[in-house]
Amino acid sequence: MTEQPTTTNPDSMELATITYLHGAGPATDASTPAAAPALGGKTDADRAAVVESARQILEGRVTKAPVESPKEDLDFDAFDDRPLIPAWAKSSEGWAMYAGVAYRARLRAYRRWVRRQRTDRGHAAQFKRGSRRIGDWVKGFEGIQLQAVGHQAHIAAKEARAAARSARFTPSLMTNKKTAALQAADRTQTVAMKAIAEHKKLKSSRRRAYSLRIGAAYGPPVAALSAGYLQAGWFGASAGAMATFAGGAFAGRHPISEETDWSADWRSLGDGDPMTAPMLDSVFQAAKVIGSDESLRVVQMPMLDARGAWSAVIDLPPGIAAKKAMRATAEIASALGVEEAQVNLAKSKEKGGRAGRLEIYVAKELPFTEKAAPGPLLVMEGATNFWGPISIGPDVRGLARTISVVERSGLVGGEPGAGKSASGNTILLAAALDPRVRLALADGKAGGDLTPFEAMAVAFEGNADPEAFLEMLDDYVIPDMKRRYAFLKKINRRKVTEELAHKYPDILGQLLLWVDELMYYTTDDELGKKITKRLRNIVSRGRAAGIITFCATQKPGSDVVDTSLRDLLSIRWALRCTTPEASDTILGKGAAAAGFSAKSIESEMRGAGFLWAEGSNPYLVRADYYSDDEVEALAERAMELRRAAGTLPDGPKSLADQLRERAEDDAQVLAVLVDVFAAFDQEAKQDDETAEVDWLPGTLLVDSLKAAGLEVSPEKLARLVVRTPDEKKKRTWQDSASALNGYPLAAVLRTVQTKYSLSA
């Protein structure tokens with residue numbers, strides 16, 4: 001300790017010598033007094049001022065300054081009869097110093113106590129450990145000995161019964177054997193009786209010792225609680241509980257490494273422990289992702305979100321890629337003490353992309369088992385935009401996921417009951433609520449899942465009929481694709497864009513081809529290969545023409561979906577599968593080995609699946625769920641939107657209407673010819689229902705074309721509609737005096753079939 005004299009204050013008060021304590025440095029606050037009144041002051045105010053100055057010194061708020069010697073020579077370093085205790089320690093200033101030191105010591109001790117509570121030396125941990133130790137002491141070891149003696153008694157009794165039975169049934173004529181059997185029976189009976197008596201004695205002794213230990217262990221706590229309650233009510237009972245807690249904590253005050261039954265050697269999230277950096281090191285070491293002498297670098301410390309899930313961003317040691325950890329998801333989940341589906345590992349991009357940077361997310365409970373929230377389409381008032389992002393559903397973190405299907409195609413697969421139909425509704429409803437999108441639907445299950453959309457579909461096959469599906473592809477989808485490309489070529493454009501689709505909605509509007517349960521079509525012995533060939537053509541060429549194809553099926557193996565078709569489907573959605581191989585047939589070879597296996601999806605997670613649409617890796621997502629009633633309501637809203645926009649299909653189109661949709665001049669000419677034949681046929685049937693018009697004069701057809709605004713010469717018409725020699729023969733027409741050159745209806749229909757693959 002150092003000693004400095006103080007200066008005289010303006011009131012000429014006597015000032016005492018101030019002894020500075022170790023650790024009490026000068027302060028910079030000039031407003032605090034620089035000195036204290038003299039300890040030898042004669043008034044109580046002076047002594048109070050001394051105590052206040054000592055408190056300020058202890059708090060470090062006194063500025064050191066040059067001082068003069070006091071008028072009174074007081075030896076504050078003098079010792080009394082007690083050794084090493086200076087005289088100033090007995091003054092008010094000394095008591096203040098001791099009080100300040102004790103206060104700071106208590107504050108530091110309290111802070112250490114708070115920090116210790118989360119360790120295995122905290123009082124709560126001590127009490128748990130003490131309770132287990134007391135419980136083990138109460139149980140004792142007699143139980144093991146009692147079981148052993150009881151087993152011996154049982155065996156001895158069994159042998160005695162067997163020996164007695166042998167002695168009883170041994171014939172008396174066999175004297176030696178009879179004698180030996182009787183002796184063996186007596187011997188085994190004696191041994192059995194001793195074993196039984198020993199078992200009874202040990203059982204009684206164990207019961208007595210167990211009762212004594214129960215009384216010794218649990219008697220004092222019960223007595224303390226009861227006596228406290230009787231003496232002071234609940235306050236006394238609380239005091240008794242605190243005393244019991246103190247006793248239990250005392251019994252478990254020292255963690256012993258050998259006591260593995262109650263030691264906290266392993267920390268896991270499944271047991272309710274918080275995620276920490278040391279825990280992550282232990283987990284990744286146990287999963288063999290990093291070595292026992294390696295550790296992770298924590299980029300973002302473990303945090304708990306509002307959903308009760310833990311997340312962290314870590315860097316693996318140099319030379320270890322994030323894919324290695326993602327392949328060990330099952331091992332990491334086991335080390336964390338949770339289900340594999342609760343652990344989500346992904347390469348982190350938010351904190352800077354690195355090959356060894358990983359984001360780990362551990363859900364509090366099994367994800368996607370709670371009741372699904374209402375789908376976003378239910379709250380929409382207007383139409384959707386199928387050219388923009390489509391809401392799919394939340395991921396494991398509760399974040400909404402969207403995909404874009406423009407110039408894309410998709411495959412949805414999973415085992416029966418995994419939720420393929422409910423998942424497909426997210427895309428089908430988004431397309432239906434956009435009145436510009438045309439729907440071509442095929443239900444290979446014939447189960448009615450697509451029935452709500454039938455009224456707004458331009459082509460529909462709902463009976464799982466491969467022949468009807470092939471006819472739908474040949475008569476509508478493929479001709480529509482050809483017509484689109486012909487029109488794009490005519491306007492000198494390479495592919496359909498949203499601007500072009502808006503400008504030419506009748507020709508270039510988006511078309512969604514949805515095939516449910518594809519396997520019922522592709523596995524048909526007669527038509528399966530033809531259907532696969534048509535679909536491959538549509539998927540490969542239709543995307544640039546605005547045709548989007550989605551197929552849903554169970555395990556899409558090569559025997560169900562040819563690899564040449566399956567590999568063209570760019571969006572993959574793998575719902576729950578029974579094997580990793582089945583998951584790989586949807587997501588692609590090696591996905592399960594990389595940590596993306598739909599087999600890890602539990603049966604309770606209905607509608608959840610790995611979606612690979614955008615990005616380098618699939619992600620787990622659950623489709624927005626819409627009940628049957630909600631689907632019906634949304635389908636009715638879609639009908640209203642399409643009715644207002646005038647895009648509802650008018651039913652089966654006539655041959656002339658189909659020709660008019662073609663962006664070619666010859667098609668327009670043929671459409672007029674078909675209409676002229678239909679008009680004359682209808683007029684003839686008014687007089688005679690059996691009458692048919694199968695031939696018309698060429699001059700009449702040319703005049704009809706001119707009336708429709710098409711300048712077609714007789715020579716051009718003859719080149720377009722090719723006739724056989726018999727068909728070129730002249731005929732009379734109505735009141736004409738001479739035979740005329742004309743065209744039969746069969747020649748016109750043959751030209752339409754040959755040129756555009758259309759039939760009446």
Side-chain angles (χ1 to χ4, degrees), residues 326 329-330 333 339-346 361 363 366-373 375-376 390-405 408-430 445 449 514-519 550-557 560-561 566 569-626:
M326 294 162 69
T329 302
E339 293 286 348
E340 183 179 354
Q342 293 178 244
V343 180
N344 181 257
L345 301 175
Y361 182 88
L366 196 65
F368 305 140
T369 54
E370 71 280 1
K371 184 179 180 181
I390 298 172
S391 175
I392 292 297
D395 61 8
V396 293
R397 307 184 183 202
L399 303 177
R401 290 283 192 164
T402 60
I403 63 172
S404 174
V405 297
R408 308 289 294 277
S409 55
L411 173 65
V412 183
E415 68 175 11
K420 293 188 294 298
S421 299
S423 302
N425 282 338
T426 59
I427 300 174
L428 279 170
L429 289 171
K445 187 168 54 178
D449 292 333
W514 184 274
V515 186
D516 197 7
E517 295 300 344
L518 178 65
M519 64 173 295
F550 267 86
C551 300
T553 184
Q554 297 176 21
K555 178 187 175 183
V560 175
V561 185
R566 187 182 64 194
L569 302 172
S570 55
I571 298 176
R572 307 292 184 88
W573 197 348
L575 304 175
R576 186 178 72 251
C577 295
T578 55
T579 62
E581 292 76 17
S583 177
D584 275 355
T585 59
I586 306 171
L587 296 176
K589 186 177 181 181
F596 308 105
S597 174
K599 184 182 182 300
S600 63
I601 301 174
E602 301 293 336
S603 58
E604 300 92 332
M605 302 164 61
R606 186 176 176 84
F610 281 99
L611 178 62
W612 199 345
E614 286 136 4
S616 57
N617 293 313
Y619 50 86
L620 191 61
V621 64
R622 180 172 70 174
D624 293 326
Y625 176 72
Y626 300 95

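Considering every non-hydrogen atom in both Asn344 and Arg397, the closest pair reads OD1-NH2, 4.1 Å. The two residues Thr553 and Glu517 come nearest to each other via the heavy atoms CA-OE1, 4.1 Å. Shown here for Phe368 and Val396, the closest heavy-atom pair between the two residues is CZ-N, 3.6 Å. Scanning both residues, Ala341 and Leu620, for their nearest heavy atoms gives O-CD2, 4.5 Å. In this structure, Ala333 and Val343 approach most closely via the heavy-atom pair CB-CG2, 3.7 Å.
A search for side-chain contact (heavy atoms from CB on, under 4.5 Å) contacts involving Tyr625 returns Ala372, Ala422, Ser627, not counting sequence neighbours. In terms of the side chain to side chain donor-acceptor pair (under 3.5 Å) criterion, residue partners of Glu415 (sequence neighbours excluded) are, by chain and number, Arg576. Ser391 meets the side chain to side chain donor-acceptor pair (under 3.5 Å) test with Asp624; sequence neighbours excluded. Arg401 meets the side-chain contact (heavy atoms from CB on, under 4.5 Å) test with Asp395, Tyr619, Val621; sequence neighbours excluded.
Two residues are said to be in side-chain contact when any heavy atoms from C-beta on lie closer than 4.5 Å; Ile601 and Leu575 fail this criterion. Counting only heavy atoms from C-beta outward, the side chains of Trp573 and Ile392 approach each other to under 4.5 Å. Between Met605 and Thr369 there is a side-chain heavy-atom pair separated by less than 4.5 Å. Annotation: side chain of Phe610 is in contact with side chain of Ser600 (closest heavy-atom distance under 4.5 Å). When side chains are defined from C-beta on, Leu569 does not count as touching Phe550, because their heavy atoms never get closer than 4.5 Å. Taking the side chain as every heavy atom from C-beta outward, Asn425 and Asp449 never approach each other to under 4.5 Å.
Applying the salt bridge (Lys or Arg N to Asp or Glu O under 4.0 Å) test to every pair with at least one member in residues 417-428, sequence neighbours left out, gives no pairs at all.
In this structure, CG in Leu366 is found 5.5 Å from CD in Gln342, a value given to the nearest 0.5 Å. Rounded to the nearest 0.5 Å, atoms NZ (Lys445) and CD (Gln554) are 8.5 Å apart.
With hydrogens and angles ignored, the 3.5 Å screen pairs a side-chain donor or acceptor of Arg408 with a backbone N or O of Ala613. Of the possible donor and acceptor atoms, one in the side chain of Ser570 sits under 3.5 Å from a partner among the backbone N and O of Ser409.
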Name each donor-acceptor pair under 3.5 Å that joins a side chain in residues 585-599 to protein atoms two or more places apart or in another chain, with its distance.
{"unit_1": "Thr585", "atom_1": "OG1", "unit_2": "Ala582", "atom_2": "O", "d": "2.5"}
{"unit_1": "Ser597", "atom_1": "OG", "unit_2": "Lys599", "atom_2": "N", "d": "3.3"}

